[in-house]
Amino acid sequence: MTTLAIHNPATGALIAEVPADDAASVASKALAARSAQPAWAALPLAQRQACITKFRAAVVAELDALAVTMTRETGKPIKMSRNELNGLLGRIDFFLTEAAPSTATQTVFADGGMTEQIQHIPLGVIANISAWNYPWFVGGNVFIPALLTGNAVLYKPSEYATLTGLAMARLLHTAGVPLDVFIPVVGGGEVGAALQAQRIDGLFFTGSYATGARIAQTLGPRMVKLQLELGGKDPTYVCDDADPRIAAESLADGAMYNTGQSCCSVERIYVHEKIFDSFVAAFLDTVQGFKVGDPMDDSTYIGAITRPQQLDVLDAQVADAIAKGATLLTGGKRLPGNTYAPTVFSGVNHTMDLMVEESFGPIIGIQKVANDAEAVALMNDTRYGLTAGVFSPDEARARAVLGQVNAGSVYWNCCDRVSPRLPWSGHGDSGVGLTLSTYGIQTFTRPKAWHLRQA
Ligand code: NAD
């Protein structure tokens, strides 16, 4: 049997070796899910809700231990691991409350003996190929509404968050979800590819554009419902009427929280020339207060870079920006424990990779702009479109700017924020489809149209 070795990214130590899947075991898991799904879908919603309610209670009971598992395998600072698990609870509550109203059969027409209804039926067996950076959030956004709406789920955690994925499975099974209704699939890209080759009714992917595009290319001709939640290069514009210190403190956190390894991290900042210097000074002040170090330490703010190869990406962006004339204000180098010094550049422009390619690390470029029109043009100069923000006390001005920006989510005087009540989606290379909100429950169902004439 093949195994998957799991290392602690902060120390390099081997922390576990777990049995991994291969093409044959993935195929038999897919068949098992196929036969288990109809009975799960036939249960009253209240019974599926009861399982998810028990799962929520189990997460609460084991929260500290689950946070340690996540931190050990991903390098996420322990406080942020606890934050993620606590944040998950609100999402579960939202799904539990909204599952029934979002999927109730709607009568949309009734007249002269003719009735028209929309019924929401489960997709069937869905595959979820997931990322490591927020494994509970991005996994839970899929498997909780998918299970509530009567689907069976083949869940492949990232190879960098496998122990966390196995913990999810254990807690779901203990909570009463049948073993073959939620099945973890263990391994890396080749196991993801094997999963995608099975007879599935939907594939829900969170990860990089490169992998998402490869999946879309293979899955396209098979007419399987496909959702892709991909990367971003999220911009924020700080207007001349904004308070530079308040904006800087919020944006430094938005850029570097979770060690900058968030899909909606602030990745580019445009600042009006009138307050540029005071903003940059306040930003540096904040960033230099961030403690880099051992992810298990409660006071650590910047933890390990999860995938070692990302350190090369960060080094390359730093070298490219310096070669093209940017000013390195702080950081720009690796530190012990697979960490990267929080890095801030000014004097940047869009010829530099730092301003156009996803960095996925604690690194940011701050560019000076002369007016709102220039800011809008630069914000839209991207192949991505996940989130974008504006800082200004003037709501009308912020709305005018954000109304012109191509992004799935827009922020006024805030950033790096996700709400279960709002749809989470991207434009362009940030993906297709959505999770969260009531649409993110309905997305796991197929609307069936009923035309009913009284005889
Ligand atoms: P990744 O693309 O390297 O891996 C994602 C998943 O795909 C993993 O489970 C991996 O094993 C699997 N995989 C790899 N090759 C495959 C193949 N050929 N076929 C099928 N599956 C395959 O991405 P990652 O490093 O895990 O995640 C980081 C990326 O995810 C960033 O770009 C980030 O912005 C993005 N992300 C987006 C969101 C969002 O909501 N839009 C959320 C979190 C992360």
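No experiment lies behind these values; they were computed from the predicted model shown.
Each ring-ring contact (aromatic ring centres under 6.0 Å, His included) pair with one or both residues in residues 351-390, not counting sequence neighbours, appears once here: Trp132-Phe360. Identified under the salt bridge (Lys or Arg N to Asp or Glu O under 4.0 Å) test for residues 66-82, with sequence neighbours left out: Asp64-Arg82, Lys76-Glu84, Arg82-Asp298. Listed by first and then second residue, the ring-ring contact (aromatic ring centres under 6.0 Å, His included) pairs involving residues 263-294 are Tyr270-His350, Phe279-Phe283, Phe290-Tyr301 (not counting sequence neighbours).
When all heavy atoms are compared, the tightest approach of Arg417 to Trp424 is O-CZ3, 3.9 Å. Closest of all the heavy-atom pairs between Asp294 and Thr300 is O-OG1, 2.7 Å. The two residues Ala167 and Leu66 come nearest to each other via the heavy atoms CB-CD2, 3.8 Å. Closest approach of Ala255 and Ile364 over heavy atoms only: CB-CD1, 4.0 Å.
Using a 4.5 Å cut-off on side-chain heavy atoms (C-beta onward), Cys263 and Glu229 make no contact. In this structure the side chain of Val142 reaches within 4.5 angstrom of the side chain of Thr435, judged on heavy atoms.
Defined by atom type and a distance below 3.5 Å, a donor-acceptor pair is present between the side-chain atoms of Asn83 and Tyr257. A side-chain donor from one of Lys291 and Ser299 sits under 3.5 Å from a side-chain acceptor of the other. Side chains of Thr103 and Thr445: a donor-acceptor N/O pair is absent below 3.5 angstrom, by distance only.
A distance of 8.0 Å separates CG in Asp429 from OG1 in Thr382, rounded to the nearest 0.5 Å.
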### Query
Taking it one step at a time, do Lys368 and Glu273 satisfy salt bridge (Lys or Arg N to Asp or Glu O under 4.0 Å)?
CA-CA 5 Å; Lys368 195 183 282 186; Glu273 59 192 10; over 6 Å; no
